[in-house]
Amino acid sequence: MKKIQSEDDLIKFIKRKSCSPKSPYGIGDDAALLKAAPNCVITTDFLVEGVDFKKGEDPKGIGRKVLGMNLSDLAAMGAEPGQALLYAAFPKKNSISSWRRFLKGWNELAKKYKVSLIGGDLSQADRWMIGAVCIGTVKKGKLFTRSKARNGDLLFVTGKLGGSILRKHLNFEPRVRESLFLRENFPVSSCIDLSDGLGLDLPRLLQSSRKGARIQLDQIPISQDAKRLSDKAGKSLIERAFQDGEDFELLFTLSPQYEKKLMQRWRKRFNTPLTMIGDITAKRKIECFIKNQKRSFPQTLWKGFDHFQ
Ligand SMILES: [Mg+2]
């Protein structure tokens, strides 16, 4: 029997064997455009106790995360959040107080980004499994996808990367406002949210766009928590920034003519850092540089490298 190699492989298999239209209507971006309402995109994400979070974790953090990761996917599409469905299976013995905590976390983001809960479904299981479906609206001609990066475009990343396991993975801020600002002011050519780490999500974006990239390693913004973790464990800082995952930052491309204007306006508007980390090339490979000197780079850093070939 053939083993499932990776999540991406399974997704490709399902896409191939099912009735799934091409992106942006089907599988292949952070959310899908709705055929019935072409100004709407839809996405879903769910969490399983013991896999995505520890047993005994504060449900408030889970509530925030379940909605936050969906909002991050909407942000990756340039969509304004609107409505959500919530689905959960959980052990019978749970009391209403865990739901109270869960909703407290959920509402932190729902209020801030004006998301109404419009339905869902509940069932029983031997552990918590909880997810959401989120719908957002997009503007005609301003939908972000993974597939339209052009040669010479610059690659930008929001926030700082790595070490999210210490705090950020339950407490991140989905980049909804930043995404809407970009949508209104700049012709972003492609975008993805960093859920599995730059080392996996950058190759996903490049593969969709059929492009390569030159990455300036010394420009990668690294979080304080990644530094804290690297002191303790053997992983290098750059490995943490590429592999840790759950950063929920935006990685996007934009023509270089907008760089100066983007940086100026961004600094006035947001505290969220924004960093230019490289550029897009026609050669379908990833090249790394430190202070403009080409460096060979362990390919193991690119978890998605195999798919990229
Ligand atoms: Mg995503």
Side-chain angles (χ1 to χ4, degrees), residues 6-12 14-15 20 22-34 40-48 51-53 64-82 84-85 109 113 115 130-138 143-149 155-159 161-162 164-165 168-180 182-183 188-209 241-253 272 302-304 307-308:
S6 68
E7 192 180 341
D8 278 1
D9 276 352
L10 181 57
I11 292 169
K12 274 183 200 152
I14 293 170
K15 190 178 170 182
S20 175
K22 271 193 171 167
S23 120
Y25 286 100
I27 299 166
D29 279 294
D30 290 284
L33 206 57
L34 276 171
C40 288
V41 292
I42 187 163
T43 186
T44 186
D45 250 316
F46 87 120
L47 299 171
V48 177
V51 179
D52 301 299
F53 62 91
R64 192 183 157 103
K65 184 171 183 173
V66 166
L67 183 55
M69 55 208 280
N70 279 283
L71 294 181
S72 180
D73 278 332
L74 292 185
M77 303 296 290
E80 186 172 1
L85 297 159
L109 293 178
Y113 298 116
V115 181
I130 194 149
V133 177
C134 275
I135 301 167
T137 49
V138 292
L143 176 76
F144 303 167
T145 66
R146 298 176 180 181
S147 57
K148 303 259 165 55
L155 265 165
F156 294 89
V157 70
T158 64
L161 310 182
S164 76
I165 192 71
K168 194 182 172 190
H169 74 117
L170 291 176
N171 204 24
F172 63 90
E173 199 62 48
R175 300 305 186 193
V176 174
R177 286 182 180 150
E178 290 81 353
S179 164
L180 295 177
L182 289 169
R183 170 177 106 172
V188 166
S189 52
S190 70
C191 188
I192 187 171
D193 74 320
L194 297 180
S195 51
D196 296 321
L198 192 62
L200 193 49
D201 290 322
L202 172 63
R204 281 177 177 151
L205 182 133
L206 295 175
Q207 192 181 36
S208 279
S209 289
F242 275 75
Q243 293 179 347
D244 277 359
E246 305 216 310
D247 292 308
F248 298 107
E249 297 294 348
L250 296 179
L251 175 73
F252 63 92
T253 55
T272 312
W302 307 103
K303 278 197 201 164
H307 312 295
F308 186 64

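Below, each value reflects all heavy atoms present in this structure, side chains not excepted, and no hydrogens, waters or symmetry copies. Predicted, not measured: the structure shown is a model, and the values here were computed from it. Whatever order the structure lists ligands and atoms in, that order sets their numbers, starting from 1.
- Contact detail for T145 and P24: the closest heavy-atom pair is CG2-CB, 4.2 Å.
- Salt-bridge annotation for K65 and D52: absent, with no side-chain N of the basic residue lying under 4.0 Å from a carboxylate O of the acidic one.
- For the pair N70 and C134, the tightest heavy-atom approach, listed with the atom from each and the gap, is CB-SG, 3.5 Å.
- Atoms of the protein (N, O or S only) found under 2.8 Å from the Mg ion (ligand 1) are D30 OD1, D73 OD1, D193 OD1.
- Side chains of D29 and S23: a donor on one and an acceptor on the other come within 3.5 Å.
- Salt bridge present: E173 and R64 bring a charged side-chain N and a carboxylate O closer than 4.0 Å.
- Under the 4.0 Å criterion applied to side-chain N and carboxylate O atoms, E249 and R175 are assigned as salt-bridge partners.
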